[in-house]
Every structure is written in structure tokens, then in C-alpha cells.
Amino acid sequence: MTEIPRDQWYVAAYSSEIGHELFARTICGEPILFWRTRGGPVTAVPDRCVHRRFPLSQAPSRLVDDQVVCGYHGFTYASDGKCVAVPGQSRIPRTARLLPYPLVEQDSFVWVFIGDPAKADASAIPRAPYLDSPDYATVAGMEPLRARFSLLVDNLLDLSHETYLHGGYIGTAEVAATPITTEVDDEAGIVYVSRHMDDTECPPFYARSTGLRGRITRWQDIEYTPPCLYILHSRVAPVGSVPNPDGTDPDAFHVEVVYAITPETENSTHDFWAVARDFALEDQEVSTFLAESNRTVVLQDVAALDVLERVIATEPDGYQELSINIDTGGLAARRMLQRMARAPQAASTPS
């Protein structure tokens with residue numbers, strides 16, 4: 001059975017990735033063709049001509065104004081997916097059309113709905129407003145992961161691995177040593193995991209970007225909305241600093257680390273990452289440092305998870321892994337994802 005939940009919204013790209021040219025990406029096993037129309041909106045349709053299945057992203061297919069012309073036989077499609085020209089005849093078959101994917105541009109992301117379009121509710125898309133807010137400066141990227149998306153979910157919900165995998169960047173001894181608290185909101189469909197370190201070493205990632213030195217207060221508050229969006233609300237401040245009763249927090253530096261965890265296939269993932277900060281907004285050196293450092297951290301995760309995927313692929317059926325207290329958030333997320341993945345099958349099973 002597939003691990004990938006359907007009838008769900010997934011991040012397909014950053015808005016900045018898609019211009020007035022053909023852009024292809026596989027999402028949840030489905031090859032999708034994107035382009036931005038001259039009027040501004042992005043369109044998304046299957047990356048297959050209805051005639052002989054030639055990929056419309058493949059040269060010599062091309063975009064002419066807002067229409068894509070198949071490079072194999074010349075079938076031509078408008079931005080709404082309707083075929084407007086076929087070779088050798090004036091009559092266009094009724095079924096000559098590409099069914100567009102529901103699509104929303106929001107918070108610098110392009111979201112597509114994978115599943116039954118009738119179930120696409122744009123209000124269900126989780127928000128990450130920091131990514132295009134003038135109150136934050138953001139660096140971002142995407143790395144291909146040759147592992148199933150659930151492994152990245154596990155990784156991000158258990159940040160104790162920072163101590164061991166990311167030492168010298170974001171990891172310190174206190175991360176693994178500090179207990180977590182976990183809250184599961186089944187109604188809202190969100191998993192919360194928090195780790196508050198009130199007196200900890202300041203790792204290089206924050207020392208160089210904020211100017212803090214020595215011991216600090218460091219809070220990690222995770223908010224994961226399955227299947228796709230993960231936000232780490234990170235707060236660093238001098239030891240003893242706490243937010244004011246009115247919610248203001250002038251002594252602290254706030255970093256919103258956002259991941260969009262999008263399956264490419266059953267065993268590969270698009271690992272979108274972004275780091276938004278509320279300080280040094282115009283400082284390009286800080287932006288460059290955070291971009292390079294966070295990409296290094298992401299690549300360390302990618303290397304570890306690629307190895308783990310190969311291990312899982314060769315292990316015997318029924319192998320039992322061990323879970324401990326730090327895994328409570330990840331286990332809760334697994335249960336949510338399993339329910340999501342089973343939902344369409346359960347709905348279609350005859351009674």
C-alpha cells in the first residue's frame with residue numbers, strides 16, 4: 001500500500017521557479033507541467049499529450065504565447081488544458097483535453113492538489129506567512145532526497161539528531177539532553193513538539209547570525225501539519241530572557257525554519273527548505289551565511305536519509321525498530337499520515 005496520502009495539497013515549487021516557460025516536476029508519482037501565463041497566474045496540467053503520451057515538457061515541445069505545442073505531433077493546448085489544435089483535421093475530439101490541477105500560490109509556494117479535484121479546498125492549505133513578509137528576510141532552497149518522505153518527517157520531528165549529525169552548525173550537547181513536550185491536535189490535524197533550553201551553548205549558526213556569544217536561551221517549537229508543511233519556530237536570546245506578558249519579545253532573535261516535504265515518488269522526496277529571520281533584514285552577509293549553513297545542514301540530513309532508505313530497502317520483513325520518548329511527535333505524525341493514506345481506499349471499499 002502507498003505511504004503517500006492523496007486528496008491533499010502539496011508544495012510543487014517556489015513561485016520564483018516558474019516563469020513563462022515550460023517547467024516540469026513529478027509530485028506524488030504524477031508528472032506535472034507548469035508555466036506562468038502572460039497574465040500572471042500559473043497553470044498546472046499533466047505532462048503527457050493525450051495523443052501518444054509524449055511529455056509536453058520534452059523538447060521540441062514548446063510554449064507559444066500561452067499555449068503549449070506538443071513536440072511529437074503538434075497537439076496544442078491552452079492554459080486551461082483544452083486542446084485547441086490537432087494535426088490534419090479541424091474537428092477536435094471531445095476528450096482531447098488535459099485536466100488541470102487545482103493550484104494556489106501562497107506564501108511564496110506553488111501548491112497543487114493531488115487527488116480528486118472536487119475535494120480541493122484552498123482554505124485547508126497551511127500558512128507560512130513569514131516567507132513573503134516584509135518583516136522577515138528569507139533564504140531558501142530545495143534538495144532532492146532519494147528516500148521516502150516519511151523519513152524526512154521523522155528526522156524533522158526529532159531534533160535530538162542535531163547534537164550528533166549537525167555538530168559545528170546547529171547542534172549542541174543540550175539539544176539531545178533536553179526533554180521534549182508533545183501535543184497532538186487531532187481535530188486541527190497538527191503535531192506540536194517543543195524543546196526549551198534555558199541555558200545552553202550558542203551554536204555557530206546563531207552566534208554568527210545574531211552576534212550572541214556564550215550561553216543562551218534557545219527554544220525550539222515545532223508545528224507540523226501533515227502531510228506537507230513543517231515549521232520550526234526558533235527563539236534565541238540571552239540567558240534569562242522571556243517574552244513580555246503582551247507577547248512582545250524585544251530581547252530575542254526569531255527564526256522561522258520552514259520545510260515543505262513533498263513526495264516525488266514512493267522512494268524520493270522534494271526537500272524544500274526556507275529560513276526566515278526577523279533581524280538583520282538588510283544584511284547580505286547574514287543572508288549568505290544562513291543560506292550556506294542551512295544548505296549544509298540539509299545536505300547532511302539528505303546524506304543520512306539516503307543511506308537509511310537503502311538500509312530499509314534491504315531489511316527483512318517484520319523488522320522492529322525501537323522508539324523512545326523523543327519519538328512521540330514522530331510517532332504521532334506517522335499515525336496521522338497512515339490515516340490520511342488509507343482514507344481514499346477505505347472510502348472506495350464496498351460495504
Side-chain angles (χ1 to χ4, degrees), residues 1-6 8 10-11 25-30 114 141-173 175-180 182 184 191 193 195 203 205 220 222 224-230 232 257-273 293-342 345:
M1 185 180 72
T2 180
E3 285 191 1
I4 299 175
R6 298 184 63 81
Q8 301 291 333
Y10 290 95
V11 169
R25 184 162 279 159
T26 297
I27 307 295
C28 299
E30 301 188 12
I114 301 297
M142 193 277 279
E143 298 297 332
L145 177 64
R146 297 303 163 210
R148 64 198 70 188
F149 84 108
S150 59
L151 293 182
L152 183 55
V153 174
D154 281 347
N155 171 279
L156 293 172
L157 283 167
D158 173 15
L159 295 181
S160 67
H161 76 274
E162 289 183 349
T163 299
Y164 307 99
L165 193 59
H166 305 312
Y169 292 92
I170 59 175
T172 64
V175 179
T178 303
I180 62 167
T182 302
V184 180
V191 178
V193 179
R195 176 183 277 107
F205 187 85
Q220 296 175 323
I222 295 168
Y224 173 54
T225 306
C228 189
L229 192 70
Y230 168 102
L232 168 61
V257 182
V258 180
Y259 283 84
I261 308 166
T262 299
E264 179 186 39
T265 67
E266 292 286 348
N267 301 100
S268 61
T269 304
H270 302 299
D271 184 356
F272 295 92
W273 60 267
S293 295
N294 204 72
R295 183 169 186 265
T296 297
V297 168
V298 169
L299 289 175
Q300 289 171 336
D301 283 336
V302 166
L305 297 179
D306 285 356
V307 169
L308 186 53
E309 178 67 31
R310 294 195 296 271
V311 169
I312 292 173
T314 59
E315 71 187 12
D317 292 339
Y319 180 86
Q320 294 295 314
E321 64 183 3
L322 174 68
S323 295
I324 57 176
N325 291 341
I326 59 174
D327 300 309
T328 54
L331 293 174
R334 287 185 186 184
R335 290 191 292 271
M336 282 188 177
L337 291 169
Q338 287 167 357
R339 289 198 297 269
M340 287 179 169
R342 291 169 180 163
Q345 294 185 8

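FYI, side chains are in, hydrogens and waters are out, and symmetry mates aren't considered; it's all heavy atoms of this structure.
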Test your reading of the model: is there a side-chain donor-acceptor pair from [X] to the backbone of [Y], 3.5 Å cut-off?
X    : Y    : value
D327 : I324 : yes
D271 : E143 : no
E309 : R148 : yes

Heavy-atom closest pair, residues [X] and [Y]:
X    : Y    : value
L159 : V175 : O-CG1, 3.2 Å
F205 : S293 : CD1-CB, 3.8 Å
F272 : V11  : CE1-O, 3.6 Å
T163 : A173 : CG2-CA, 3.8 Å
L157 : I222 : CD2-CG2, 3.6 Å
I4   : C28  : CG2-SG, 3.6 Å

Any [X] side-chain heavy atom under 4.5 Å of [Y] side chain:
X    : Y    : result
L156 : Y224 : no
W273 : V297 : no
S160 : R195 : yes
Y10  : H270 : no
P144 : E264 : no
I261 : T269 : yes
F149 : P5   : yes
H166 : T296 : no

How long is the gap from [atom1] on [X] to [atom2] on [Y], to the nearest 0.5 Å?
X    : Y    : atom1 : atom2 : answer
Y259 : L152 : OH    : CG    : 7.5 Å
L165 : I170 : CG    : CD1   : 9.0 Å
L145 : D301 : CG    : CG    : 9.0 Å

Checklist line | side chain to side chain contact (heavy atoms under 4.5 Å, CB included) between E3 and L337, worked out | finding: CA-CA 8 Å; E3 285 191 1; L337 291 169; over 6 Å; no
Checklist line | Verdict with supporting geometry, I312 and L151, side chain to side chain contact (heavy atoms under 4.5 Å, CB included) | finding: CA-CA 10 Å; I312 292 173; L151 293 182; 3.8 Å; yes
Next item on the list: Start with the C-alpha gap between E30 and R6, add the side-chain angles, then the distance that decides, and say whether side chain to side chain contact (heavy atoms under 4.5 Å, CB included) holds.
Entry: CA-CA 11 Å; E30 301 188 12; R6 298 184 63 81; 2.6 Å; yes
